[in-house]
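Owing to the predicted nature of the structure, the values given are computational and were not obtained by experimental measurement. In the text below, chain A, chain B and the rest are named by the order of the sequence lines, each starting its count at 1.
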Amino acid sequence: MLRYNLHNTLYRTSMLDHSSLEFEALDSDSGQIEILRQKIRHSAAHVMADAVMQLFPDAKIGIGPPTKDGFYYDFEVTHPFTPDDLEKIEKRMTEIISKNHSFEKSTISRNDAENKFEQQPYKIELIENLDSDVPISTYSHGTFEDLCQGPHVETTADICAFKLLTVAGAYWRGNEKNPMLQRIYGTAFESSEALEEHLHNLEEAEKRDHRILGRSLDLFSTHDEIGPGLTVWNPKGAMLRSIVEQYWRDLHIQHNYQPVYSPHIGRSNLWETSGHLGFYNENMYAPMEIDEQQYYLKPMNCPFHIMVYKSSLRSYRELPLKLSELGTVYRYERSGVLHGLMRVRGFTQDDAHIFCMPDQIEDEIGKVLDLTFELLDAFGFNNYSIALSTRPEKYVGEAMMWDHATDSLRKAIESRGLTYTIDEGGGAFYGPKIDLNIQDALNRDWQCTTVQFDFNLPERFDLVFQNDNGERAQPYMIHRAILGSIERFIGILIEHYSGAFPVWLAPVQAMIIPISDRHLEYADSIQSALSSHGIRIEVDSRRDRMNAKIRDAQMQKIPYMVVVGDSEAESQSVSVRLRDGTNLGAIPIPEFQELVSLAVTNKTI
RNA sequence: GCCCCUGUGGCGCAAUGGUAGCGCAGCCGAUUUGUAAUCGGCAGGUUUGGGGUUCGAAUCCCCACUGGGGCUCCA
């Protein structure tokens, strides 16, 4: 693995004075510091390219921009970089930085640029693609000059703290038809403290990785025998999942959705009618033949829900008809993109389809948003960003319907006082949509919720309802998923809570720890008493010391550790320790039961 | 799919061409303990699979598969 061990590598930081660096950013707002970091990182990328060219003079250089958390630069080299190479490059960069070269900008003609970069085919390609009215500029430091529009820091010494992180393949301009270059990722900051903090955060994120916690908390597992991208849920994870799903079902019924169920395969003609065989073929698995008929594993639930709709002639009185299902779908994902629970080949959508009349859409979209916030809030997500995607160039349906639908989406958002961005032309070909991103505890964005109009399927399946004039009309159809994929959502939950789930979600809410064997009977009696109240409580009856049992329960991130010994048995109480280490001392059993029940009801952490 | 890396008992790791080891977990026994690991023993691996090089392969080579980091934040 071409990856540095963050624990064992020294952070390389420049020891030079920073006199030339304007530190106004430090006492200004965070926007200022971001601008400074962009400059530092972009400059670090140049220095890295310089170092690589010194060490590997045959390298062809691609692009080297700053990114959200660092920078990268792409190179074409005959031999891919090794971790040793990264160290050498880092060392050379430190040398370059210590020379305190200043970054000099020059504006040059297209001709000069082409001459200057004649050894660099990727730069030539970039120059050729520049608009003729754009002035061409380069930045140089020392002997290295790069095609660049800047901006940069003043001198290399301003790159106060940097570190190279990983090397990876990356297609030139991201297109897999182009050659694959070697990309080196690094990061840089305005101070070594900030760099160390960033590296520390990376380590923390690694500890929260749902794939690691999934194993150590015994939540789910994957197996060669089953296949990549296919997960099995172990009992603890299945418990967590079923709690999530049960809450989802209850809430949907409260919100007037009707649960439905549908099979996992359907005949080819269903998918021909829906159009999936045409436009979604790449993500569908090969058909299986049953009695000389072709059947496909479902990549989506909508055709089945449409069949439920069509199972009788619908009256306008039935609308809006809201059909919901935790529907498991199978989609082909390229092997390289699979990732834990986040990207899999078989997953369960928290799907629903709303069939309604045109004058109901605004209200219905609003209700979807309200339900979304209620649901996500329960799981501890209350930072959102919303994007509205409008009509693309290629679309089906009538422009008027698009406008009406887009307008209803906008009004639903605005009437709730929410801010949003507009992705002009970013809608699917079949309808406009709202996407919602949640932010987790590490401020990472996850797109879960999507609400999409569909002007395609009602037409293809000839959906109708009888209106109040006895005429047949076509309903509007809305697809929506709030959690997105249950698998992925639980992956996000694991990372958000770092495995320490709130009491209502914890697979095991309390572990009874008898101090010695003679307390087992009392422990069992508490267990059955509290289980009968719906508390998920177990007894650690192993012949281990109390300390070992506490440690295990801590590691399993169980919310309550219930220690029982002579004095507790005597007073019909329990000694409660929380997983944050707090010792609540002895409390009567009914009081403990109340404590847990309250935490469950209030969904407190 | 593509590039690079990786694969050793359930899990985490060691052994770099010469007899596969350690820790955790598991099982057995002793201990009966007051808020983050009690002690001792036992068992567990044809080193992901297949092929090759070699007197000899976990180790080198080839193929396949798993897992990991990435693959338009654009000069």
Side-chain angles (χ1 to χ4, degrees), chain A residues 1-4 38 41-42 45-46 61-74 76-77 79-83 113 117 120 122-130 134 136-139 146-150 165-185 209 211-212 215-216 218 221-229 282 332-340 513-520 542-556 561-568 575-579 581-586:
Chain A
M1 197 165 79
L2 274 186
R3 177 132 206 208
Y4 273 117
Q38 293 283 306
R41 288 164 185 173
H42 196 175
H46 276 224
I61 57 179
I63 59 168
T67 64
K68 191 170 156 246
D69 296 311
F71 63 89
Y72 65 82
Y73 214 114
D74 290 342
E76 185 185 279
V77 280
H79 296 290
F81 298 118
T82 64
F117 293 103
Q120 292 293 344
Y122 297 107
K123 294 294 176 191
I124 296 291
E125 188 181 325
L126 292 171
I127 294 165
E128 281 165 358
N129 284 327
L130 287 176
V134 175
I136 296 177
S137 62
T138 67
Y139 273 82
D146 196 3
L147 182 72
C148 182
Q149 61 186 2
L165 299 169
T166 56
V167 54
Y171 296 105
W172 170 238
R173 304 181 84 112
N175 186 334
E176 60 192 58
K177 295 198 174 87
N178 288 339
M180 180 157 281
L181 310 180
Q182 296 295 311
R183 172 172 298 178
I184 301 177
Y185 281 95
D209 191 313
R211 293 164 301 181
I212 312 244
R215 166 159 287 145
S216 60
D218 197 15
S221 53
T222 54
H223 304 263
D224 270 13
E225 293 88 334
I226 299 174
E282 281 181 5
Y332 174 72
E333 297 283 359
R334 302 206 292 180
S335 59
V337 305
L338 298 174
H339 181 89
I513 298 171
I515 286 174
S516 82
D517 283 0
R518 68 174 180 278
H519 309 115
L520 267 175
R542 295 172 306 169
R543 287 167 49 176
D544 258 316
R545 293 182 59 198
M546 177 199 67
N547 278 313
K549 293 179 183 182
I550 287 178
R551 179 166 191 273
D552 284 351
Q554 280 294 151
M555 307 262 283
Q556 289 298 306
M561 280 149 274
V562 178
V563 177
V564 296
D566 289 334
S567 62
E568 286 81 6
S575 271
V576 178
R577 175 192 163 105
L578 306 180
R579 63 189 153 187
T582 310
N583 191 342
L584 298 183

Determine the interatomic distance between [atom1] on [N] and the same-named atom on [M]; round to the nearest Å.
{"N": "U31(B)", "M": "C39(B)", "atom1": "C1'", "value": "8 Å"}
{"N": "G68(B)", "M": "G7(B)", "atom1": "C1'", "value": "11 Å"}
{"N": "A15(B)", "M": "G23(B)", "atom1": "C1'", "value": "15 Å"}
{"N": "A58(B)", "M": "G49(B)", "atom1": "C1'", "value": "14 Å"}
{"N": "U53(B)", "M": "G44(B)", "atom1": "P", "value": "33 Å"}
{"N": "G69(B)", "M": "C27(B)", "atom1": "P", "value": "34 Å"}
{"N": "G40(B)", "M": "C22(B)", "atom1": "P", "value": "14 Å"}
{"N": "A25(B)", "M": "C13(B)", "atom1": "C1'", "value": "14 Å"}

Which one is paired to [N], where only Watson-Crick or G-U wobble pairs with both distances under 3.5 angstrom count?
{"N": "A25(B)", "value": "none"}
{"N": "G7(B)", "value": "C65(B)"}
{"N": "U38(B)", "value": "A30(B)"}
{"N": "A15(B)", "value": "none"}
{"N": "G1(B)", "value": "C71(B)"}

Are D69(A) and R41(A) ion-paired here, with the side-chain N under 4.0 Å from a carboxylate O? no
How many Å lie between [atom1] on [X] and [atom2] on [N], as a whole number?
{"X": "L338(A)", "N": "G69(B)", "atom1": "CG", "atom2": "P", "value": "11 Å"}
{"X": "E282(A)", "N": "G1(B)", "atom1": "CD", "atom2": "P", "value": "14 Å"}
{"X": "Y73(A)", "N": "C71(B)", "atom1": "OH", "atom2": "P", "value": "17 Å"}
{"X": "I63(A)", "N": "C73(B)", "atom1": "CD1", "atom2": "P", "value": "8 Å"}
{"X": "N178(A)", "N": "C3(B)", "atom1": "CG", "atom2": "P", "value": "15 Å"}
{"X": "M180(A)", "N": "C2(B)", "atom1": "CE", "atom2": "P", "value": "10 Å"}
{"X": "R173(A)", "N": "C3(B)", "atom1": "CZ", "atom2": "P", "value": "22 Å"}
{"X": "H223(A)", "N": "G67(B)", "atom1": "NE2", "atom2": "P", "value": "12 Å"}

pair [X]-[Y]: side-chain heavy atoms closer than 4.5 Å:
{"X": "D146(A)", "Y": "K123(A)", "value": "yes"}
{"X": "F71(A)", "Y": "P65(A)", "value": "no"}
{"X": "R551(A)", "Y": "N547(A)", "value": "no"}

If each of P80(A) and P65(A) is mapped to the nucleotide of RNA chain B with the nearest heavy atom, which maps nearer the 5' terminus, i.e. the 5' end? P80(A)
Would you kindly compare G229(A) and N175(A) by the position of their nearest RNA chain B nucleotide and give the one closer to the 5′ end? G229(A)
Would you say Y185(A) reaches C71(B)'s phosphate, i.e. side-chain N/O to OP1/OP2 under 4.0 Å? yes
Between G1(B) and S335(A), is there an OP1 or OP2 to side-chain N/O distance shorter than 4.0 Å? yes
So, the side chain of Q554(A) versus the backbone of R579(A): is there a donor-acceptor pair under 3.5 Å, distance only? yes
Main-chain N/O of R542(A) paired to K549(A) side chain as donor or acceptor, under 3.5 Å: yes
Is the number of heavy atoms from other residues, nucleotides or ligands under 6.0 Å of H223(A) NE2 greater than 12? yes
Distance criterion of 3.5 Å, no angle test: do you see the side chain of Y332(A) paired donor-to-acceptor with the base of G1(B)? no
Name the nucleic acid region contacted by I127(A), choosing base, sugar-phosphate or nothing; use a 4.0 angstrom heavy-atom cut-off, strictly under. nothing
Protein heavy-atom contacts under 4.0 Å, written 5' to 3' over nucleotides 24-37 of chain B as B (base), S (sugar-phosphate only) or - (none), form the string --S---BBBBBBBB
d(M180(A) CE, N175(A) CG) to nearest 0.5 Å is 11.0 Å
